[in-house]
Every structure is written in structure tokens, then in C-alpha cells.
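Atoms within a ligand are numbered from 1 in the order they appear, just like the ligands themselves.
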Amino acid sequence: MPNQSWELGYHLRSPHNWLNDPNGLCQYRGQYLFFYQYDYDWPTVDQKAWGLFTSPDLLHWTYQGVPLEPSVPEDRHGVFSGSAYVERGCAADGGDRLRVYYTGNVVDPVVGHSPKDFDYVYAGREQNTLTCTFEGDPAQGVTFGPRKVLMRNADYPEDMTCHVRDPKVWAQDGKRWMLLGGRHTDTRGTCLLYESDLDDGISWTLSHTIDSEYPFGFVWECPNIVRLDGREYLAISPQGLPRLQDRWFNRWTPGYFELPEGQRVLDTEVIDERTFVQWDYGHDFYAPQTFVDDAGRTILVGWMGTFDDHYTSVPDGLDWWHCMTVPRVVTRRSDGRLLQNPVGELEALRGKAHVLQGAVTVEGRLADIMLTDVQGEGALTLDGSFEVFFERGRLGIRYLDETSAAGRKDRSIPLDTLSDLRILVDGSAIEIFANNGAEVFASRWFGPEKDDLAVSSTFAAHGVAYPMENTMAQMYEQAASQAPVLTMPGWNQTIPH
Ligand code: FRU
């Protein structure tokens, strides 16, 4: 029986088995729709589909099964990542229609599999761009109409490998635009920019590729555009950055480039890779997606997991891998840095505040801890097992016992001053926001099995710790009782060894 203290109460996790990227994030007909890469027979079978949770308020979620599964030859080995685009007034009832764009993955193990090309980079892989629509009430569940193939590998530029994926679609300048992540044949990560008529979205023409001046990773995945305060950012999830002293600790590191003043993604062909800023320094963060909600907020959700051989997310037989971060509101600081802070809605889950002076016990394993007016150095410790510290000019996290780290190592970044710290603790998921969300860490922590959380702090600060309400328990129970059944065989079963 896995440790019950690791269960999540306000983060979205896979109902069973494997979850990765958030997909198709949007607000549609009064509901937030959070799709995600779901591999519900992992590790027996590798077959990516889109699972879905819906919510009217970003707090109370409904499990909506798996609305997008491999169903046509062009996506038969996986419905890979993609985005949502709300077509205003296009539904039969005069309301809005939801259109999603995604990558249909196909692999031919006989053609492609070789020790020199283990990931089907140069042969044996199709990455098709597909679309489909839905126009009902998402609170009642989502069923997509027929899939339409928009582009195949032969349609992408000639100097692309078989790796072109993760369409992000948005409207700007009276047109519809699509960013795809890719990998050039000379093993450089890149983005492809396509355009379509605003009212079309079916027929796409290549505008240009967006490249770094010097090589920056071997593939760019999950591209996004962020537009705030008149400035534009290109966000990517690059693979293949080297691990450096103070950054890019993970095997793969997502981040963003701020474009120079007045420059738009649409006009950008070359980017200065030295301007790359990493979104999050934690162990468990990759493939974030952003969207703009009806209130105009730019909201980011990341996959709170990663692929790393050094650590695990399923110690002691936990039967679900990974979760998503809480929704984070992204704002722009005057120097261009993007700040990330949990959506205000989460504050409604707070119980009675405990003033944090020295030590407090928070009832339950879910907490929202705030330190403001921080003066100087200190450390905040959870159950004598996990620590957030600011010492000798470094902000970081420390695992005090090996079991709770499940292979993770301590890490820290240089920081001149710490003014505030917010720590979301949700069973085994921890998100740390420092200096108004300028420095963020998302990491898993597999702490002791206990009913309550012991919080102690040596910081000179104004400290408060709130217990948080669990809004997920019932939903996860229901999801577990509705485990999906695989309808098409997954591809990795057939790889010849
Ligand atoms: C990112 C990613 C995407 C791809 C998806 C497949 O984690 O590799 O590029 O579409 O995962 O699950």
C-alpha cells in the first residue's frame, strides 16, 4: 500500500499510470478544459491519448475520461501534444466551437528502429498535424467529430527530420497562426511558423522557421507565444541543453525568450539564444503550456514531471506518475522577467491561518505557506525532511532524508535578496514561489506517512501557514472506478529487439 501522505488534494494527477504534457488548455463555454497526455496502460503499452478534466472555477474538477484517442491511420501510435482554439460563434447553435490541433504520431519500427536512430529521427516516423472539433457543453463531457489531417511530414520544409510536432494556434493581426516545434536534419532545435485565414484554420502556409543564432538544443518541443504589456515572448521546451553550474539542471529545460521591443514572433526568424530564461528550477517541470482565459489572464500550467533516470515519481508502488502544476498567472515585471504566481482562486481553499513563528503543525498534508518581509537568511523545514533555504546568496531546496528524495539531489540558484516566499505543499507535490514569483521550483517530495505537517522556520519574516481543503479526493475515486480500456495496440510492443 503506497504512503497515503503522498496523495494530492488540489493538484491534477493522472487517474492511473502515466501523465505528461498539459494539452488544449482553454476556457470554453464557461468551463476550464485541461487536457493532458495520458498513457493509461504505461508501462505495458506506450499509447498517448488526451485525457480531460473540466472545472468551472479552477478548484472543483470533473474527470471527463479520454476524449481523444488514436483513431485514424495518421495518429495510430499516439495522439501527441497540441492546443485548443475557440472559434467564436461557429457552432450550429450560434455559440462557440472548440477546435483542437494536435500531432498524430506514427512509427514504423521495421523502417526506423536502429541503434543509431533510436528515436526515429531520420526514418520510420510520421508526425502529422491533425484537427477536430466539439461544440456541446463541456461540463457534460467532450466528444470530438471526425479527425482531419492538415499536414504530413512531406509538407514540412525539406531540412526537417521526422520530428515536427505540438501545434500551438492563436489569432493575431487578422490571421490564424500555428507554431510547431521541430528538429533540423543538422540536429538543431527550431520552430516552424504557419499562417491561415482567420476564419479558416484548415489550410496552412509556411511563413518561416524561427532559429537560434547558434545551436540551442537538438529539438524544440511544445512552442508557445506569450504577449504581455506590449511585449512578446517565444516559449519552448528544448532538449539537449548542457547542465550548467546554476541552471538547466534537468535533462530537459523549458523557458522563454523575450523579443526586443517592438518585435513580434510573427516577424522573428533569428533569436538570440543568450536571452533564454528558464521557467522553473525544480526537479519536476517540463512542457508547460500557456493560454489566455476569459478574464484576460495569461495562465501557465506545467507537466510536474520529467524523464530522468536519476529519480522516480513512483516510489513504493504508487500507481500514478506525475501531476500538473497548479495554474500559474503569468505577469511581466518591468525588466521583462515573467513572474508566475498561483491563481487567486486557490486562496478559497485556505483554512484558518496559523501564525508561523518558529514551528507550527498544519492539520492534514495540504498547506499554503507564506513568508513576507523576509530579512536575511534562513530555512523553512517540512517534517524535518524537506527544506527550502536561503543561505550565502543561494536559494534552494534540500532533501534531509534520502527516502523522501526518491533519487533527487539538492539544488540551488544564486539570489541577491529574498523578499518573500510562498510554498504550496500538496502531499507529494511542492511548488515554491520566491520574490513575487520571479524564481520558481516545482519538485516532488515523498515525505513520511503522517496525518499532519510539521512546519518550522528560522527566517526573520512575517509567516503564515494555512491548511488547504482537499477538492480532489472524490474525483480521483470516481476516476479510478472508470479506468479506460485500451482499444488500439500500442506501438512499443512491436519493436524488434
Ligand atoms: C513533450 C513531448 C511532446 C510530445 C509529447 C508526447 O513532453 O515529447 O513533444 O508531443 O511529449 O507525449
Side-chain angles (χ1 to χ4, degrees), residues 14 17-25 34-43 45-52 66 68-70 74-84 100-107 118-121 125-131 150-151 153 156 160-169 178-184 189-192 217-224 235-241 250-255 279-280 282-290 300-309 313 321-325 442 488 490-492:
S14 62
N17 299 343
W18 182 273
L19 166 149
N20 57 297
D21 318 355
N23 291 153
L25 302 177
F34 283 20
F35 297 92
Y36 57 97
Q37 286 284 283
Y38 190 15
D39 211 337
Y40 51 76
D41 267 321
W42 177 270
V45 175
D46 187 354
Q47 183 72 296
K48 298 277 169 19
W50 283 25
L52 173 64
V66 190
L68 208 50
E69 298 217 53
E74 288 83 357
D75 68 10
R76 67 182 183 277
H77 297 135
V79 174
F80 273 21
S81 286
S83 59
V100 297
Y101 293 92
Y102 69 93
T103 298
N105 187 59
V106 180
V107 282
F118 77 99
D119 204 13
Y120 304 81
V121 176
R125 184 192 286 267
E126 291 169 33
Q127 296 215 307
N128 304 301
T129 302
L130 288 89
T131 187
L150 305 178
M151 283 186 276
N153 285 65
Y156 308 135
M160 286 297 145
T161 60
C162 305
H163 285 239
V164 174
R165 55 179 171 267
D166 310 335
K168 165 72 187 180
V169 176
M178 178 191 291
L179 276 171
L180 286 165
R183 173 176 179 152
H184 283 293
T190 186
C191 277
L192 297 80
F218 57 79
V219 68
W220 293 359
E221 298 187 313
C222 302
N224 262 279
I236 56 167
S237 287
Q239 294 183 359
L241 305 187
N250 290 350
R251 204 167 131 200
W252 303 338
T253 303
W279 284 114
D280 188 301
H283 298 82
D284 299 274
F285 187 85
Y286 191 65
Q289 186 172 87
T290 60
L300 174 143
V301 179
W303 166 28
M304 204 167 151
T306 185
F307 299 87
D308 196 299
D309 302 337
S313 297
W321 273 255
H322 313 140
C323 57
M324 293 189 234
T325 64
M488 286 178 83
W491 65 272
N492 71 339

Mind checking salt bridge (charged side-chain N to carboxylate O under 4.0 Å, His left out) for R183 and listing every partner two or more places apart, or none if nothing turns up?
-> none
For ligand 1, which atoms sit closer than 4.0 Å to a heavy atom of K48?
-> 12 (O)
With distance as the sole criterion, is a donor-acceptor pair present between the side chains of T306 and D284 under 3.5 Å?
-> no
Derivation and outcome, side chain to side chain contact (heavy atoms under 4.5 Å, CB included), residues R165 and V219 = CA-CA 10 Å; R165 55 179 171 267; V219 68; 4.2 Å; yes
Ligand 1 to Q37, heavy atom cutoff 4.0 Å, flagged ligand atoms 5 (C), 6 (C), 12 (O)
Heavy-atom contacts with N20 under 4.0 Å: which atoms of ligand 1 show up? List them by number with element.
-> 5 (C), 6 (C), 7 (O), 11 (O), 12 (O)
Enumerate the atoms of ligand 1 whose separation from the nearest heavy atom of Y286 is less than 4.0 angstrom.
-> 1 (C), 7 (O)
Is there a donor-acceptor contact under 3.5 Å linking the side chains of Y286 and E221?
-> yes
Does the side chain of W303 pick up a donor-acceptor pair with the side chain of D21 at under 3.5 Å?
-> no
Closest to atom 1 (C) of ligand 1 (judged by heavy-atom distance), picking from N23, D21, D166 = D21
Looking only at protein heavy atoms, what sits closest to atom 8 (O) of ligand 1 is E221 OE2, 2.8 Å
N23 versus Q289, side-chain donor and acceptor atoms under 3.5 Å = no
Decide whether an N or O pair under 3.5 Å exists between Q239 and ligand 1.
-> no
